[in-house]
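These notes concern the structure reproduced below.
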Amino acid sequence: MGADSDPVAPPTVPWRKVLYEHQPFPDNYVDRRFLEELRRNIRVRQYRYWAVVREAGLVAQQLSCVAVFLTLWFYMERGDLGPSTLLWASLGFALLGYGLYEALGGGSRERTRLADLQSAAVFLAFTFGFSPVLKTLTESVSTDTVYAMSAMMLLAHLVSFPYTQPSPPGSLSLNAALFGSVCLASRLPGALHTFAMLSCALLVFALWPCLLHRLRERAEWSFPCAAALVCVAGVGGLASFWPEGALLLFLALLVLTLACPLLLVHLQRHKDNIHGPWDEAEIREDLSRFLS
């Protein structure tokens, strides 16, 4: 046989990457130039260890916030912390945080101070008025069930918390935290205890993330200090009545802030994404004008 009749001999017509054209090639044929367009890791983001540690601090401090809240609830339930003391402390921290938030605002405000005051007054009034109802909300439910629901809701709060944009907190995350707070507050001795605990929950789960987000944006140097302070408060609070739990929290914070970022940076070296002519076409033109 001649060379032209050899089935493996290359045809004389050059191959073209054209779909709707009859060519003397199999459907899955590609030439030697096919792999020349191969690209590896063209959109892979390279992480730096300490930058990842800094971002992981947001997760660690949110976990510590839950520990701080549980510590306050435990001492109120045991009678070592009075509701008036917690209310005055919450008011002081709220005013201090609001002043710091305003100082870091940079002159741009979407709401007036009067609107903020009205919102706070409405919440406090409704919470104080419904405190007797909330106190008796779970009387027909066993204590073990209440504690289980609270644990599930606080866990849901941590899982659904919008760590990338914590201001304002996500509705699911905030509602889960407040529902867990209501369950725990209903087991306190009196209605004033319930009101104080829910006011503290609003401060910890709703207002503190907003201030922390402002610190990350306007005073980056202060964010690690604030996160570390909350972590110390969480571990120290648990250690005062549950040393084993404080040890577990301390180990969890170490894993979250040091071990997990190290693992991420290490695994990033082994990332191998390939891109080439087999990828789907991407429309990079702005098509918003067709949607108006």
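- Partners of A219 by side-chain contact (heavy atoms from CB on, under 4.5 Å), not counting sequence neighbours, listed by chain and number: L104, W221, S222.
- Chaining together hydrophobic side chains whose heavy atoms lie under 4.5 Å apart leaves V232 on its own.
- No continuous path of hydrophobic side-chain contacts links V182 to L174 [ILVMFWY only; heavy atoms under 4.5 Å].
- Panel note: side chain T85, backbone L81; no donor-acceptor pair is recorded below 3.5 Å.
- Annotation: the span from L211 atom CG to H213 atom NE2 amounts to 11.0 Å, rounded to 0.5 Å.
- Criterion: ILVMFWY side-chain heavy atoms under 4.5 Å apart, direct or through other members. Under it, F130 and L192 are not part of a common hydrophobic cluster.
- Residues satisfying the salt bridge (charged side-chain N to carboxylate O under 4.0 Å, His left out) criterion with E55, sequence neighbours excluded, are R216.
- By the 6.0 Å contact criterion, CZ on R48 is open, its count of non-hydrogen atoms from other residues, nucleotides or ligands being 12 or less.
- Separating the OG atom in S160 from the CG atom in L172 is a distance of 4.0 Å, to the nearest 0.5 Å.
- Residue L248 holds its CG atom at 11.0 Å from CG of L253, rounded to the nearest 0.5 Å.
- Here the shortest heavy-atom pairing between P83 and H193 reads CD-NE2, 3.5 Å.
- More than 12 heavy atoms of other residues, nucleotides or ligands lie within 6.0 Å of OH in Y75, so this atom counts as buried by the packing criterion.
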key: From CA spacing to verdict: side chain to side chain contact (heavy atoms under 4.5 Å, CB included), W73, L188   = CA-CA 8 Å; W73 174 85; L188 294 176; 3.6 Å; yes
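- Summarising the geometry of A60 relative to T257, their closest heavy-atom pair is CB-CG2, 3.5 Å, with the distance given to 0.1 Å.
- In this structure, L184 and L70 have side chains that are in contact, with non-hydrogen atoms separated by less than 4.5 Å.
- One finds the NE2 atom of H157 at 11.5 Å from the CG atom of N175 (value rounded to the nearest 0.5 Å).
- Identified under the ring-ring contact (aromatic ring centres under 6.0 Å, His included) test for residues 35-70, with sequence neighbours left out: F69-F205.
- Rounding to the nearest 0.5 Å gives a distance of 10.5 Å between CZ of F195 and CG of L86.
- Between atom CG of residue L178 and atom OG of residue S173 there is a gap of 9.0 Å, rounded to the nearest 0.5 Å.
- Classification of the H266-H270 ring pair by plane angle, with boundaries at 30° and 60°, yields perpendicular.
- Considering all non-hydrogen atoms of both residues, P209 and V204 come closest at CD-O, 3.5 Å.
- Looking at every heavy atom in both residues, K135 comes nearest to P189 through CE-O, 3.4 Å.
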key: side chain to side chain contact (heavy atoms under 4.5 Å, CB included) between C65 and Q61, worked out   = CA-CA 6 Å; C65 283; Q61 71 85 30; 3.5 Å; yes
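- When all heavy atoms of A201 and S181 are compared, the closest pair comes out as CB-OG, 3.3 Å.
- For S186 (side chain) and T136 (main-chain N/O), no donor-acceptor pair under 3.5 Å exists by modelled atom type.
- Here A56 pairs with P261 under the side-chain contact (heavy atoms from CB on, under 4.5 Å) rule; sequence neighbours left out.
- Counting heavy atoms from C-beta on, the side chains of L198 and F128 never come closer than 4.5 Å.
- Within the 4.5 Å cutoff, no side-chain heavy atoms of L207 are placed close to those of Y98.
- For the pair R187 (side chain) and T138 (backbone), a donor-acceptor distance under 3.5 Å is present.
- In this structure the side chain of F223 reaches within 4.5 angstrom of the side chain of L58, judged on heavy atoms.
- Scored by the side-chain contact (heavy atoms from CB on, under 4.5 Å) test, A115 finds R111, T112 as partners (sequence neighbours excluded).
- Placement of Y147 and F179 in two distinct hydrophobic clusters is found when ILVMFWY residues are connected by side-chain heavy-atom separations under 4.5 Å, directly or transitively.
- Contact record, A185 with T194: O-OG1, 3.1 Å, taken as the closest heavy-atom pair.
- Residues L124 and S199 have side chains in contact (heavy-atom distance under 4.5 Å, counting atoms from C-beta outward).
- The same ILVMFWY cluster, assembled from side-chain heavy atoms under 4.5 Å apart, contains both V66 and F241.
- For the pair L258 and L262, the minimum side-chain heavy-atom distance is 4.5 Å or more.
- By the rule that hydrophobic residues join a cluster once side-chain heavy atoms approach within less than 4.5 Å of another member, L256 and L158 end up as members of one cluster.
- Residues F161 and W208 keep their aromatic ring centres 6.0 Å or farther apart.
- The shortest side-chain heavy-atom distance between S64 and V235 does not fall under the 4.5 Å cut-off.
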